[in-house]
Structure formats: structure tokens, C-alpha cells
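In what follows, a single structure is set out as C-alpha cells and then discussed.
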Amino acid sequence: MKSVLESHWSPLNSKGGYDHDNDASDNDVEDEEDSDLMGFEKVAAFANPVQRKKKKGLELGKWKEITQDGKYTAGMDLEKDVSISSKTTEKKKNGKGGKITEKKISSDSDDIVFASMEVDAKPQLDKSDDGFINSGTSMELDTSNKEDHQKKVEYAATFDDKKEKEFASKQDQICSDRMPDHSFTSDKNDFIHEQESTSLESEIDSENRARIQQMSAEEIAQAKADIMEKINPALLKVLQKRGKEKLKKPNSSKSEVGTGSKSVTQQVQSTQQAKCRQTEDKISKKQLDDKNISGKTSTTTSSSAWNAWSNRVEAVRELRFSLVGDVVDTEQEPVYDNITERDYLRTEGDPGAAGYTIKEALALTRSVVPGQRSLALHLLSSVLDKALSYICKDRTGNMTKKGNGVEKPVDWEAVWTYALGPQPELALSLRICLDDNHNSVVLACAKVVQSALSCDVNENYFDISENMATCDKDICTAPVFRSRPDISLGFLQGGYWKYSAKPSNILPFSEDSMDNESDEKHTIQDDVFVAGQDFTAGLVRMGILPRLRYLLETDPGVALEECVVSILIAIARHSPSCANAVLKCERLIQTIVQRFTVGNFEIRSSLIKSVKLLKVLARLDRKTCLEFIKNGYFNAMTWNLYQRPLSIDDWLKLGKEKCKLKSALTIEQLRFWRVCIRYGYCVSHFSQIFPALCFWLDLPSFEKLIKNNFLYESTCISREAYLVLESLAGRLPNLFSQQCLTNQHPESTDDTEFWSWSYVGPMVDLAIKWIATRSDPEVSKLFEGQEEGASDFTLGGDLSATPLLWVYAAVTHMLFRVLEKVTLGNAVSLQEANGHVPWLPEFVPKIGLELIKYWHLGFSVAFGTKSGRDSGDESFMKELIHLRQNGDIEMSLATTCCLNGMINIITKIDYLIRSAKTGIRSPSGEEQSLSKEEKVLKDGIVSSCLVELRSMLDVFIFSASSGWQCMQSIEIFGRGGPAPGVGVGWAAHSGGFWSKTVLAVQTDARFVVYLLEIFENASKYVNNIEETTFTMQRINTALGLCLTAGPGGTVIMEKTFDLLFHVNVLKYLDLCIQNFLLNRRGKSFRWQYEEDDYMHFSRNLSSHFKSRWLSVRVKSKAVDGSSSSGIKATPKDDVRLDTIYEDSDMSSMTSPCCNSLMIEWARQNLPLPVHFYLSPISTIPLTKRAGPRKAGSVHITHDPTNLLEVAKCGLFFVLGIEAMSNFQGTDIPSPIQHVSLTWKLHSLSVNFLVGMEILEQDQGRETFEALQDLYGEVLDKERLKQNKEVILDDEKHFEFLRFKSEIHESYSIFIEDLVEQFSSISYGDLIFGRQVSLYLHRCVETSIRLATWNTLSNARVLELLPPLEKCFSGAEGYLEPAEDNEEILEAYAKSWVSDALDRAAIRGSVSYTIVVHHLSSFIFNACPADKLLLRNRLVRSLLRDYAGKQQHEGMFMNLICNNKKSKSDMDEKSWLESRMKVLIEACEGNSSLLTHVKKLKDAAEKSSL
């Protein structure tokens, strides 16, 4: 999300994403670039606007580059000069409009909409009357049409003025609102007075007036005469009338020219605007069409979507809220400008009935009346709470009734974004209020901070995730954004995440460095700037932690204490930097521990949250946890666990509320202990805590719990107790290790401890009792909702099956963790044991038998019954699936975790029984004497329930197929979310990545991976037909699963990649390729892949995807709080050294460091973009590319030789999955079909940027050609589909290959590099030529086609392109519809007259065919009236060229005779006469040109004889 300031207020790039990397929030390796460009910011600040009067040399495109790369890097200098800051900011507002030299002027109504859009340049248009003549041609200027010549001369003379006017008009529109428009400004604007926002406009106006004053009366009269002479008087009257109407508008002082007088400057500008209006409207309409048309999945957001979002946020300014947070609809205007005066002086009625805007409420927080300050803070808290509530409910908003009875929805997402955005400066106001000397104000302020940090919602998410044993690490909540796409990685999206605010900027200003000159410029504005990027970081930087510590030390009330601790928890969860700030805050942790232990101990919410705070901080790293233990904090915060346990009757006597509090405290203490166990500490405390723990591990009296409504509290503690045992089981040594075999205790290091196997037996017995509870009558009542159609699984009140399901999940995961440790140790070699464990503990078959007996796994194979179970019994597995499909989200999570643990146990038991030497001890007697359970256990549990497992897999695959689409829709603006909060606050609707929905999707994905692994091992039980269908289903599912994993899903991603690149999968893809080739070509490849080839593909692809997408960027050095000097950048030399260090310290780890239980969003790639599978053929070594290498631009240092091998393997893989996806039917939607064809075609072109090595071998060459053919078929199908849509809807556009819009805004530079390689090394290679000619296809957007043609023509390599029939797309795609773009037609004619097409005509190149067809169609077919001038100009230019170059006669004859067959209904003579008539009309009476037309007519008649 880049800096949050930029994420929803700054200008948008042409792709619709943010220019996140252009500000000071770029961290890590991009610090060097930020610092290098700081100078430009200072230069821009002192730029003199008067220079814009110059007619030449004003290139705003360069200005755009400067402001984009250096934006906000000098934020610490803002306080030096407010006026300079204002000017600089307003120039930045136009950063996206910087390339005005490349635009046609948009109409006034579209200035805002298209402020960030770019239209391709017409570089030759101004240089001559024909618009496409350059100095290298021998053409003459056509002066036969005086009017046309005069028009072009006028255009050339006034082009810069129009650019200047567009630039100024956008400034005026931005400044025209009553309040400053912050859609395209930074958070510093609020410190600049409102009237200063029009300073630039006033300067422009004064310049215009000064210019007129310098002119003499004669000069003014001459200028007026020139204007009257150039334009139609009627048109002038219309323009004058329109100008008068504009002056009558309320904001007439902010008109386009600054005054209402009809000055010469105004008249000239109006004339220019009228001259180009018709063309502008068409271009604007075309731009809008381009933005509205998207591929199947456009990975970038259009600027129109961004503008719509910006308008939504801006609309919140005027919303007025009541004291309870509802939107108030009132037409009443406040009597007083000062909000405090309004309510203080008015006594009758309801003082707050008119409501308050957010800005007014913030102003009220600085009132001198404490009651007003408290009231304003209560209002802000209510607004934020309501907004967050509606966001989490995924509702657009509640409905508020207007005065006329019409209901109007409230956009709560925009309300949340505006409130936390930079313009209101909420963080600064709250920090000031926190220092208030009135307790009521401080408490109200703390509640607002708690709401802004979304504390309660985030904690609800983390509570659910901690219930799941599979989610073992917490994810930091800090807002982040994606790094920009890099050419070395093929411009693929899904770059590394980066913090919105640099970690070095988060730590508060150090008093120790006051004497340091480098820190003397630190101001409050710097803190506000950081708060605009990251709300939490801004509060920490403003010194909120010492203030919170002070509040705790002054013995606050219960409510304030709870709010303070909640805020500290949110800060600790934000990032490692903020967690370290909490730890380093003097006396803060000691104060919290002291308040927990000193005085009369009465359980309250603040004490529970205090334990949670230490638990969150302990998760930061192993060192912090060890310090807590050594300092006695752990014992102090968990002393209740060592006390004598209470009986169930004692708990019931406490009452409902105290039971809830005591239960919550016990849960948090167990979780704190669990964190310590995960690090290997406090394992020995088990013997001391076990007496109290045993009460919750053993079975309770369900009848008594349900009767007294205590089931939820009891089962929650039992769940946590078994999760503790699961962590303890993880500290067990391997059962058959040398230490265990010799009864020695394993050696421990770094104070870590191991659990003993002597405790395992009794714990397993207790866990097995819980498995048997499924037969308990009271428990069965909780699952009575299993009947068909039932949707309520509660037994009235608060009783629900969900808490019990969580206990089952914890029990199964604990048992699985124990079974995992029943493995061979290091001292016993696998060869010595011959792959088998020497013996089995008794609890292994016991667990299996209990599962079979009580959980009724429904074995249709084993028992042969119709429903797979005994009469009247229901398989618990089926019951859980039913609950998963019909329950709420939390029940779905619980059932999935329970199923996951169950499947893990049965697969592990099967493995251990098969690998045991002695086998299972069976009762004496024959085979028939074995019970049903023992038979199933002997034959294998998994093989007995494959039918149910397959049914389960189908259910979860269907869920996963829709889940990845949900994940892909979260990054709505390409590189980040819209809001600057934490956790839920920075995600999209429903909480985005932090919602329960996404958590359920990721949990399902994890379970599906385990199921796929089971069926991979059980493939021998499936016939060939089913195996083929299942393999295709598995590929599509695996591709979808890769799109769902978040930062904590690295291990699952590795397993998914192993499944995706399994040898059997690659064999199936080879079969798909052969079928495709046989159907299309009638023959397959000339070679056959062997087993070794598949192994080679598997190794290379798996290694590439893991290193490319799962690598984690390692910080060069930790952030030192004492060295933080605010947002001021370090010197350039220091940045360079740091950057080099970071670039060399890239790690290829595929999992986060095990010394921490926190995962950062930053410095990793997950979740992946939908086109991630193209990375093998889209990665190129930078060592082969010219130009400087950007530090940190490559994720991993790749060996060029290895990359070439990876690309060859990638061609095979991509061809296989494309053939499978496009030409094989499947019920599972494939992510491949949702990838835009633009990305697929682009990925092929990337390979040629570094040469043609990939085509040197026959295998690579034929595979590449086959992939081109496949994409050619897809392109033809898509073109036909688009043409039908264009016919049905005129607003549709057939140019759907939008490389510039979807891939990169500088794609024309990529084309230049590609053509350079083509001209230098291809020697007319067919495969290379087919790829280059693709960019001349009619479905390619106009700007890229023009750039490709101009580059090919200038390089004189048009003849190297293949003939039309050898291109990999149908001929009609290059020729239809006929070209009507003026610039492209002029470029074609320019190439014709400059002899660039001569050799192409001889060789029959596609370039020559395209030119002849499109020029002939445009000239000789029906021509619109507005295109007649262009047609005549083209004809005259071609005739003049023919007059001087007789060798072009054959080319001209082909031009005339093109599409001759289409005139079959006319005799040949009349057909020729009609075409000659067009040529004669274009000559406009020029005798010399008419002579050449007659000559051509004679030649044509002679050739037809």
C-alpha cells in the first residue's frame, strides 16, 4: 500500500495503481534511489512559474519523472517555508499530468477524469503540413490546400499554449472546491491556509495581465485582427457567449484565465480549444472506452476506478454525523463559523441536531470547554466503530432517511478511509487530547484510539486463529504495499511487500540526539507525515507510549486501564519495530506486571489483556521470551495456574460473569505458557501445573455443564489445555533416537528443554476419552442438526457444537504430534532398520481402534453396506462435512480443523503399522476372530474409506475453487488496499486479508493439500480413466491453492509446488501437449520425453518457483531506536553502502526464521498473482541487459545458464497447462482461464530481450512455436468474441490486448528493446519475427502498434517480418477492421515514402501487406467527412512519392488493386474509374499530380488487358 498517505490521496499512475515507490516510504534497498532524488524535490520547490510562458523547451514529461521519483523524500523540510511547500505540492498534483506534451487536449468536463491518463504522442505532427514528413524524406510540402496548411501552422504555433492551459485548468479545478481538495495532495496541506491553494492560479493570472500590459495598443489590435481572421465570426460569438456564462458562476474568480475580461490571451485560448474540440471529444471517448474494457482479469486498476474511489472519499467531507455515529441529513447551514460557538451559544432544542462533519468534530476536540472535547471524541469513536462494524459485515452501508423520505446508503469504507487519512489529521488531534488534564477527555480519547486501531476486531481474528493448531504464527498488522514490477522479472505483479512507513521512521524522536545537527529539523509536521502513511506508526512516533505508561502509573480507572492495554496490544501486533518500541519504553512492562500482581487480586478485563500483551511481546522472538522468564514476568503473570484446582461446583458458585472472566484469564495464561514451550522454555513446569491442568484434560460432566450453561467456558479451557499438550509433544525427542533407546535425556542447548515420554501414555489415555464422548447422549444432542435441511446447530441459549468441535480438533492435533515423534532417530539408520520402526507403542493401535469404534468412519469397502455404515449409525466424518457446509464460518473452521487432525492421525497410523516389523498384535485364533475395527486397522484405514475421502475432497475442492477468486479481488488497486489502518483497517471489504472468510479459505486450502497427498499415495487403487480425470482436477486445484496462501503459508506452498511438479503430473501434461499437436498439426514432436527428462523438469521448476515466490528478503540490519533521527534521509554515501549490503544479503530461505512466532507481511511475496505460473519464461538475467542495475531490483541472484534451463522447462510446463486448460473439459474453473491473454503473449516476448538462446535447440524451438500456435488460436477465438460484443454494444472496443495498460506504462520502451534485439541478432528468424509481428495485430492497443511500427521502420527491419500467412494468428486479425487512426496511417505513409517498405514489398512481408491493405481501405472505401482532409493529404503524399520514384509504381498498383475481389458486382472498368475518381479528388486540381494519376490509370488499364 505504499505510504498510506499516497495509498488513497496521491495521484494515480496510468495503470491505476499507486506510485508507492516514489515517496519516502520506500524501504530497504530502495533507500538509495529515494535519497539520490531528494535534490529534485528541493529544485522543484523553488521553480519559478514565470518560466511556463516559454513556448519551447517546456517538457512536463521530465518534470513528471522528477516528481514521481523524488516525491516526499524531503518531507522533513516542510516547515521551512510554507509557501514554497504549497507551490511544490501543487506541482506534484500535476505529476501525473506531466506528459502533457504527449496529449491531445481533453475537454473541460473530462479534465479530472483523465488527469492521469496518457495518450500516445504524435511526434511528427507539428513539423509539416502533412504531419508525417521527416527530414530524411524527399517529399515536398503540400501548399495546394491553403486552409489545411493554415490550420496546421496554427496548431504548431499554439500547441505549447494548449499544454499550458490544460496544466493550469487542472490546477483550477482542483482548487475550485470550498475546501482544499486532498485527492491529489499530501497530508501537509492542512497546515497551509485555504487561500494559499490558489496561489499558483493567481500567479498565472498576474503573468497574463503583465503580458498584456507590456503589449502596445497596436500589438493588441493586431492580435485581435489575427484572431478574427483565423476563425469564423459565428464561432467567435459562440465562444464569447460561453465565456460570459462561465463568468456568472459562483467561482468566477477561479476561471480558466483568472479574469472575466476578454483579453487577447483568453480569446486565443478559447480559439484553440474550439479548434480541437471535435478531436478532443473523440479522444476522450476513446480513452474512456479503453479504461472500461478489461481482459478476463486485469491485474492493474484503471484510473477511472481510482477516480471513482477518490470521489467516494471526497464525498465524506460533507457528511454530518450524530453523537451515536449515524449520518444526519440536514439542509440547515450553521449560523456560526466556529463550531464551538454554535453549540455553546444556542440553548434551545438539541445542540447536536445539525450533526458534525469529521473536520468539525476534530475542531471541537480543541475547544476550551472540556465537555465539548469529550463530546467530539465520543462522536469520533461512534463513527469509527460503526464504520468498522459495517466493513466487517461486508455491507455498503446502512440506510439513512433523507428529509423527503428517500433512503440513501452510507459508504462506510470511504468514511473509515477519510477519517484515518492525512487530511483530517486525526492522529495529531488524538495525541493532543491524550495529554488533556480532564479524565473524561482522556478516556474518550483512548476509546477513539482503540477504535482507530481496530483493536477488538483484530483480537477476534487472532483468537480464532489461535484456536487452530495449524496457525502457529501471528501475522503483523502493519499496512504494506507491493514493490513495483521489474523488467528483470518480466513486469510480473506480486512483488515484495514493503512497509508503508519505514521502520526507521516509526521510533519516536530521541532526546539524546537533540544536540545532533542532523536532527535539528525534526518537527511535528514530520510526525503528521508518518501518521498519514501509517496511523499506528505516527502515534508511536508522537510519543504515545510514554504517555500510556504515565496513565498506568497514575492508577487509572478500570475502563481507561482496559483501553490503554488494548492500545498497547495493537501497537505490539503492528510490527517488530513497534513491538521493540513497547519493550524499550522505560518502566512500561514493569508497570503492567506490577499492576497485575500488587493489591487485591480481582479478575478484570485489563488483567486478562495484560497477560495477552506479554504473550504477544513474547512471540516477537526467542530472546524476548527468555528475558520475560528470567525477570520473573512469566511466573508473575501465570501464578494462578500453580494453585489448587477448583471443582466444577466451585466454578459454578462464582457466577456466570466471574466464570467468563476466570476462564478468559486461564486461557490467556495457557497461551502464554504455550508460547514459551514453542521456544523450548518452561517445559519442566508441566509437573507443577499438571494438577490444575488435569481437571480440564479429563472429561467433564456434560449434563451438569449444559444444565448450568457452562459448556462454552469449560470446553474453551479444555481446548487450550490440549493445545498446550500439542506444543509439549512437539518438544518430545524421536522415540527411537539413541537417547530414548538408552534411557538418556536429550541434550538441550540455549536453556531449552525437552518433554519426557513418560508423560505421554497418561496424556494419550485422557485424549482418547474425548474421542469416546461422541457416544455421550448429551453430546449427541449438540449434533442433532445433522438432518437434511437443518441449519441451526445449537441447543438453545449459548450452547453450540462449535466449542466441542474445537476440543476435538485440539485433541486430534495433539495425538498426531505424538505419532509424529514415533520415528527413527539419528543414531538408528534407515538402512539398518530396513525402512521400518523396530516396534510400536501400545497407544498407536489403541488410537486407531478408538477412532474406528467411536467416530464411525463409515467404511463402505470394509462392511459392504449401502451407506457405508451400520444400520442407524452415521459416519462422524460425513457429519462433520455436513456441518462444514451448513454451519457459520466459525463452525466451518472448527470442522475443517477437526477433519484435518482426523485425517492426519489415520494416515500416520497406517504408515506406522505398515512400517512396523512385528505388526499388530491380534487376538489368538483365525482371521475371522478379528473384530471389525481390528480388520480395518490391519487392512489400512485410508484404503477402507477412500470413497468418503473422495467425496470429502470434492466438497473442499469446490470451496477452494471459489476461495482463490476471493483472494484475488482484495488488492483492488493493484498494489495495496485503500485504508491506512492496521489489520482489518488496511484491508478491503469484510476485513480483506484479515477476515474470517479468508481465514476459512486458507484453512480449506491447507486441508485440500493433505487430501491430495493422500490420493497421490493411493493412486494404485484408482483406475486409469479416473486417474486421468483426477490428475487434471488436481492440477487446477493446485494452481488455485497457490493463490490463497498468505505470509504464513510457505510450508503449504512448498507442498503444493511438489504436487504440481510431480512426475506423474508432468507426464499428464505431456499427454495434453501431444493431443493438442495431433489435433492441430496431425503430428507430435519428433522426440519422446523419458523418465529422466520429467525428473529434470520437476527439479528445475520446483526450485525456480520456490526461490522466485517463496524467498524472504532479509533486513541488512536491525533498527536501533537510539539512532533513529526521524524521517530525514541519511546521506547519499551511507545509503549507497546500505543498499549494496542489502542487495548482497538476499536470502533464498523458504520459511521465516524459527526464532520468532511473528510473521511480517513485508519482505515476502504471498499471496501470489494469478499469472504467477508464467515466471519461468518471464525471468531474465540482468547481466545480459545494458544499462545500470537498480539495487534490489532482483529478488534472487540467478545464474544465467540456470535461467535458460528454467525457461526451457517453463515452456514445456506452460504449454502443457495451457493445452489442458483451453482444450480439455473440466468442471473445476482453472486460474489459467482467468489470466489475460495480454500477459501470456507478453511472457513470450520477454525471452527475446536477452537473445535467442532459447531457440537454439530443436526442443526449445518447437515448443516455443507450439505455444505461439496455441496462443494464436486463443487470440482468434477471443477476437471473434470481442467483435460480437462490439456489434451488440457500440461502447465496446476490440483492442483488448492492452500491453501498456495492463503490463507497464512504459511498455513502448520494452518494444524498443525487443526490436533492437530483433534487428541485431534475428536475421529474419521466423519464430522471433512472428512474436514481433504480433504487436501489429489490430487487437493490440493503438499506442503499442504505433510504437512498434515506428521502431521497426526507423530500424529499417520491416522486411525481416514473416509473411502474413506464417504469423501465428489469423490473417483477418491483422487486416480487419480497417485502420482509421490518423497517427498510424501517417506512420504507414511515412514508411512508404521513406523507402522503408521497398524490401518488405519484395519479400512479401506482413508489414507490406498491412500497409497496402489499410491504406487502400482508408483511401478507396467510404471515408467520413472528418477524415477527408487526412485522406487527401495521404494521397497527395503518395502521388508525390510516385512522381519521384518510378520503382514504386508496382507498390502503387498493388495499392489501387487491393481488395479488387470485393468489387465483383462491378465491371472492372467502372471499378477502376471509381478509384481513379478518388485520386483525382484528392489532387484538388493540382496539375502535376493529375498527370501522375492519368499515368497510373493507363498503367492499370494496360495491366488488366
Side-chain angles (χ1 to χ4, degrees), residues 459 463 466-467 557-559 561-562 565 595-612 615 635-674 685-725 766-767 769-770 772-773 776-782 794-808 810-811:
E459 289 309 309
D463 284 340
E466 287 199 65
N467 293 344
V558 175
E561 182 182 23
E562 182 180 354
V565 180
R595 290 190 61 81
F596 186 88
T597 55
V598 176
N600 182 23
F601 182 80
E602 181 179 352
I603 301 177
R604 55 186 185 273
S605 298
S606 59
L607 298 185
I608 300 171
K609 293 184 177 181
S610 297
V611 179
K612 179 180 290 188
K615 176 200 67 177
N635 290 332
M637 303 300 284
T638 60
W639 63 270
N640 310 66
L641 298 178
Y642 301 90
Q643 292 183 330
R644 182 181 63 86
L646 298 177
S647 65
I648 188 66
D649 294 328
D650 294 333
W651 274 85
L652 295 177
K653 290 178 183 179
L654 294 175
K656 184 66 175 178
E657 292 301 322
K658 288 189 176 181
C659 279
K660 286 184 177 180
L661 291 175
K662 189 172 182 61
S663 171
L665 178 61
T666 304
I667 289 171
E668 291 302 329
Q669 290 173 331
L670 290 175
R671 288 177 175 176
F672 191 9
W673 184 27
R674 185 182 170 201
H685 292 211
F686 174 76
S687 58
Q688 305 172 41
I689 301 179
F690 177 73
L693 201 64
C694 183
F695 175 76
W696 304 108
L697 294 173
D698 202 358
L699 288 181
S701 172
F702 287 104
E703 182 179 1
K704 184 177 292 187
L705 294 179
I706 294 176
K707 180 180 179 181
N708 293 276
N709 196 16
F710 186 58
L711 179 65
Y712 178 81
E713 291 78 9
S714 175
T715 52
C716 286
I717 300 177
S718 298
R719 176 200 67 216
E720 290 301 325
Y722 276 101
L723 289 177
V724 168
L725 290 185
L766 288 173
K769 289 183 179 180
W770 280 92
T773 58
D776 188 284
E778 297 297 331
V779 173
S780 298
K781 293 180 181 179
L782 294 177
T794 63
L795 194 61
D798 297 331
L799 299 181
S800 170
T802 302
L804 191 58
L805 288 173
W806 282 122
V807 179
Y808 288 158
V811 168

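Note that these values count all heavy atoms, side chains included, but never hydrogens, waters or copies made by symmetry. Source: prediction; values computed, not measured.
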Checklist entry - What do the steps show when you test T638 against W673 for side chain to side chain contact (heavy atoms under 4.5 Å, CB included), and what is the final call? => result CA-CA 8 Å; T638 60; W673 184 27; 5.5 Å; no

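- For the atom pair CE of M637 and CG of L665, the computed distance is 8.5 Å after rounding to the nearest 0.5 Å.
- Between the CD1 atom of I648 and the NZ atom of K653 there is a distance of 12.0 Å, given to the nearest 0.5 Å.
- Centroid-to-centroid, the aromatic rings of W651 and W696 come within less than 6.0 Å.
- In this structure, L652 CG and C659 SG are separated by 6.0 Å, a value rounded to the nearest 0.5 Å.
- A salt bridge does not link K609 with E668: none of the charged nitrogens is closer than 4.0 Å to a carboxylate oxygen.
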Item to check | Derivation of the salt bridge (Lys or Arg N to Asp or Glu O under 4.0 Å) call for K662 and E713 | outcome: CA-CA 9 Å; K662 189 172 182 61; E713 291 78 9; over 6 Å; no

Checklist entry - Would H685 and Y642 satisfy side chain to side chain contact (heavy atoms under 4.5 Å, CB included), going step by step from the backbone distance to the final call? => result CA-CA 9 Å; H685 292 211; Y642 301 90; 2.8 Å; yes

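- We find that K658 and E602 are not joined by a salt bridge, their nearest charged nitrogen and carboxylate oxygen being 4.0 Å or further apart.
- Contact detail for V779 and T773: the closest heavy-atom pair is CB-O, 3.5 Å.
- Side chains of S606 and E562: no donor on one and acceptor on the other come within 3.5 Å.
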Checklist entry - Taking it one step at a time, do I717 and F695 satisfy side chain to side chain contact (heavy atoms under 4.5 Å, CB included)? => result CA-CA 10 Å; I717 300 177; F695 175 76; over 6 Å; no

Item to check | K615 and K612: CA distance, side-chain angles, deciding distance, side chain to side chain contact (heavy atoms under 4.5 Å, CB included) verdict | outcome: CA-CA 5 Å; K615 176 200 67 177; K612 179 180 290 188; 4.0 Å; yes

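- L641 contributes atom CG, which lies 10.5 Å from atom CG of N635 (distance to the nearest 0.5 angstrom).
- At distances below 3.5 Å, at least one donor-acceptor pair connects side-chain atoms of W770 with backbone N or O atoms of L697.
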Checklist entry - Could you walk me through whether R671 and D463 pass the salt bridge (Lys or Arg N to Asp or Glu O under 4.0 Å) check? => result CA-CA 10 Å; R671 288 177 175 176; D463 284 340; 3.2 Å; yes

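- With values rounded to the nearest 0.5 angstrom, L661 atom CG is found 10.0 Å from L654 atom CG.
- Closest non-hydrogen pair, L725 versus F686, comes out as CD2-CE1, 3.8 Å.
- When every heavy atom of L607 is checked against every heavy atom of F596, the shortest pair comes out as O-CE1, 3.7 Å.
- Separation of atoms NZ (K660) and CD1 (I608) is listed at 12.0 Å; rounding is to 0.5 Å.
- In this structure a side-chain-to-backbone donor-acceptor pair under 3.5 Å is missing from S714 to F710.
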Item to check | Check against salt bridge (Lys or Arg N to Asp or Glu O under 4.0 Å), E561 and R604 | outcome: CA-CA 10 Å; E561 182 182 23; R604 55 186 185 273; 3.3 Å; yes

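- Taking every heavy atom of both residues into account, D698 and K769 meet most closely at OD1-NZ, 3.8 Å.
- Side-chain contact annotation: Y712 with T802, donor-acceptor N/O pair under 3.5 Å absent.
- Between E720 and I667 the shortest heavy-atom distance is CG-CG2, 3.5 Å.
- There is a side-chain donor-acceptor pair under 3.5 Å between S647 and D650.
- Summarising the geometry of L693 relative to A721, their closest heavy-atom pair is CD1-CB, 3.7 Å, with the distance given to 0.1 Å.
- Using modelled atom types, no side-chain atom of E778 and backbone atom of I706 make a donor-acceptor pair closer than 3.5 Å.
- More than 12 heavy-atom neighbours from other residues, nucleotides or ligands sit within 6.0 angstrom of CD on Q688.
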